[in-house]
There are 2 protein chains.
Amino acid sequence: MSHIHSETEKKILAAAKEVFLRRGKDGARMQEIARQAGINQALLHYYFRNKDTLFATVARHLIRDFLETIFSSQPEASTFREFLQQFISNYIDHLSSNIEVSRFILWELERGGDVMVEEIRALQEQHGKEVFPLQQRIAEAIAQQEIRSLEPEHLIMSIIGMCAYPYIARPVVERIFRLPDVTSREFRDRRKQEVFQVLWNGIRLSS
Amino acid sequence: MSHIHSETEKKILAAAKEVFLRRGKDGARMQEIARQAGINQALLHYYFRNKDTLFATVARHLIRDFLETIFSSQPEASTFREFLQQFISNYIDHLSSNIEVSRFILWELERGGDVMVEEIRALQEQHGKEVFPLQQRIAEAIAQQEIRSLEPEHLIMSIIGMCAYPYIARPVVERIFRLPDVTSREFRDRRKQEVFQVLWNGIRLSS
DNA sequence: GTCTATACATCGATAGAC
DNA sequence: GTCTATCGATGTATAGAC
């Protein structure tokens with residue numbers, strides 16, 4: 001847990017991050033990481049005993065950054081309606097401009113999601129709760145009768161699923177549906193609108 | 001495109017399917033496939049020139065079966081409301097009892113989704129349309145004013161995203177949200193209900 | 001700390017006998 | 001068609017000099 005990082009160590013971590021993001025754990029080559037860092041393979045093993053420890057370090061950082069960006073700092077909105085709209089917008093924009101990170105997280109989930117789970121737990125403790133801010137906000141909205149009663153976890157799954165799907169199934173979306181590039185402004189705006197409209201009408205009190 | 005399959009060829013294909021589903025293309029070992037088929041590695045290469053062709057054959061079959069089950073044979077329902085409910089139920093049940101196939105499709109999408117796209121196109125031609133049955137059904141529902149006007153593609157993304165998310169992010173769902181096993185009857189029923197409720201209220205005419 | 005050289009393991013693919 | 005034996009490529013990790 002030492003935070004003393006030499007220059008070389010930093011260069012290695014930056015290079016490893018790039019390569020692991022592009023190729024995944026198995027696809028990444030220690031040789032490529034070394035070259036990208038401007039050093040040789042032996043030095044890589046001098047700083048990080050082996051590929052596993054290097055990967056673990058990088059994965060931890062990547063996932064922590066992602067979680068903090070999305071789930072920790074929340075939009076300051078007065079109503080839940082506004083909050084939801086902003087959350088969707090932020091989330092889609094973040095996925096769109098960090099496609100490699102989304103893919104990386106998918107890989108991590110397929111691997112069992114251990115790092116993901118640990119980092120979420122750390123985030124929860126950091127906030128002193130059993131839940132993280134988004135969960136909290138939904139519970140409050142229900143209590144204050146801004147939305148109908150539901151399990152916050154299911155709503156979270158719905159939000160994330162709807163937002164993330166186009167970036168997971170990008171080839172199908174762009175080539176079968178003939179929709180514009182999923183990272184384009186045009187697509188994002190259209191998607192944000194549709195997700196919000198469905199969700200908001202789907203959860204608000206029908207009164 | 002020959003359909004003459006010897007016994008050995010069938011054994012190989014069955015073994016390859018199992019191993020590729022469990023390990024993915026890169027994770028699979030030709031040796032393991034051979035052992036599982038009760039033959040040796042050389043014979044594998046006698047029937048299928050190399051790993052690529054063997055994988056391509058297996059992937060094509062797997063994805064075709066999946067697509068046909070989900071998107072080809074559609075529930076016979078009179079109203080769109082009922083149709084939607086049944087589609088969600090079928091889709092979640094199918095994902096749930098074929099988790100390995102879901103994971104395999106994710107791998108395929110990460111690889112670029114070429115096989116997926118080709119098989120969807122084949123399915124479309126087979127139905128003589130530019131669209132497949134689900135798309136068609138949504139368009140009709142809009143025309144008949146059963147639901148509000150929207151782009152069918154976006155609704156499809158929403159349905160699939162909401163249904164598939166728990167099976168993609170299974171580790172997070174089960175270990176963070178403390179929800180029951182996503183394949184359990186209990187979870188599936190709850191999820192089906194929530195997805196349908198959000199979607200139906202989200203798309204029906206507010207009249 | 002940093003390098004070159006190399007050991008060691010894994011795996012896909014092929015040669016050649018039967 | 002089916003086998004045993006082995007090649008050759010690739011990739012992680014380490015030995016040892018500086």
Side-chain angles (χ1 to χ4, degrees), chain A residues 1-62 104 107-108 110-112 114-115, chain B residues 1-62 104 107-108 110-112 114-115:
Chain A
M1 284 295 167
S2 167
H3 284 263
I4 304 157
H5 292 309
S6 71
E7 276 309 308
T8 308
E9 202 171 339
K10 283 186 202 161
K11 279 196 299 182
I12 292 175
L13 285 173
K17 177 175 157 182
E18 255 196 69
V19 176
F20 279 131
L21 271 180
R22 191 165 51 238
R23 313 250 189 235
K25 179 178 178 179
D26 295 338
R29 298 292 157 238
M30 295 295 269
Q31 170 53 31
E32 189 178 357
I33 295 174
R35 196 181 39 72
Q36 175 105 8
I39 58 167
N40 60 68
Q41 221 170 325
L43 201 54
L44 218 54
H45 287 82
Y46 175 79
Y47 279 92
F48 299 87
R49 203 174 329 283
N50 53 36
K51 194 179 181 179
D52 280 348
T53 57
L54 178 56
F55 177 78
T57 309
V58 171
R60 208 159 290 279
H61 281 110
L62 271 171
F104 184 87
W107 285 331
E108 159 63 11
E110 283 158 10
R111 195 185 311 285
D114 289 355
V115 178
Chain B
M1 284 299 164
S2 169
H3 285 263
I4 303 156
H5 292 310
S6 71
E7 275 309 309
T8 308
E9 201 171 341
K10 281 185 202 161
K11 280 195 301 181
I12 292 175
L13 285 173
K17 178 175 158 182
E18 255 196 69
V19 177
F20 279 131
L21 271 179
R22 191 165 52 237
R23 313 249 190 236
K25 179 178 179 180
D26 295 340
R29 299 291 157 238
M30 295 296 269
Q31 170 53 33
E32 190 179 356
I33 295 174
R35 197 181 38 73
Q36 174 105 9
I39 58 166
N40 61 68
Q41 219 170 329
L43 201 53
L44 220 53
H45 286 81
Y46 175 79
Y47 279 92
F48 299 87
R49 202 175 327 287
N50 52 37
K51 194 179 182 179
D52 280 348
T53 57
L54 178 56
F55 177 78
T57 308
V58 171
R60 207 159 291 280
H61 280 110
L62 272 170
F104 184 87
W107 286 331
E108 158 62 12
E110 283 158 9
R111 195 186 309 284
D114 289 356
V115 178

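Keep in mind that the numbers below use all heavy atoms, side chains included, and drop hydrogens, waters and symmetry copies. A, B, ... follow the sequence lines: proteins, then strands. Residue 1 opens every chain.
- Only at 4.0 angstrom or more do the heavy atoms of residues 16-23 of chain A sit from any atom of DNA chain D, so none qualifies.
- Contact annotation: B/Thr8 reaches the phosphate of D/dT2 (side-chain N/O to OP1 or OP2, under 4.0 Å).
- Taking A/Asn40 as the reference, nothing meets the side-chain hydrogen bond (donor to acceptor under 3.5 Å, both in side chains) condition, with sequence neighbours excluded.
- Identified under the ring-ring contact (aromatic ring centres under 6.0 Å, His included) test for residues 16-52 of chain A, with sequence neighbours left out: A/Phe20-A/Phe55.
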- Contact string for nucleotides 11-18 of chain D, one letter per nucleotide 5' to 3', B = base within protein heavy-atom range under 4.0 Å, S = sugar-phosphate only, - = neither, reads SBBBB---
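- Sequence neighbours left out, the pairs with a member in residues 48-58 of chain A that pass salt bridge (Lys or Arg N to Asp or Glu O under 4.0 Å) are A/Lys25-A/Asp52.
- Considering only residues two or more places apart in sequence or on other chains, A/Arg23 meets the salt bridge (Lys or Arg N to Asp or Glu O under 4.0 Å) condition with A/Glu32.
- A sub-4.0 Å separation between OP1 or OP2 of C/dT2 and a side-chain N or O of A/Tyr47 is present.
- Side-chain proximity of A/Ile39 to the nucleotides C/dT2, C/dC3, D/dT4 is greatest for C/dC3.
- Residues passing the salt bridge (Lys or Arg N to Asp or Glu O under 4.0 Å) test with A/Lys10 are A/Glu7, sequence neighbours excluded.
- Listed by chain and residue number, A/Arg175 satisfy the salt bridge (Lys or Arg N to Asp or Glu O under 4.0 Å) test with B/Asp114 (two or more places apart in sequence, or in another chain).
- In this structure, B/Asn40 does not reach the D/dT2 phosphate: none of its side-chain N or O atoms is under 4.0 Å from OP1 or OP2.
- Residue pairs that meet the salt bridge (Lys or Arg N to Asp or Glu O under 4.0 Å) test with at least one member in residues 33-44 of chain B, sequence neighbours left out, do not exist here.
- As rounded to whole Å, 13 Å separates atom P of C/dA13 from atom CZ of B/Phe48.
- Contact of the A/Val115 side chain with the A/Leu62 side chain is not registered, since no non-hydrogen atoms from C-beta on lie closer than 4.5 Å.
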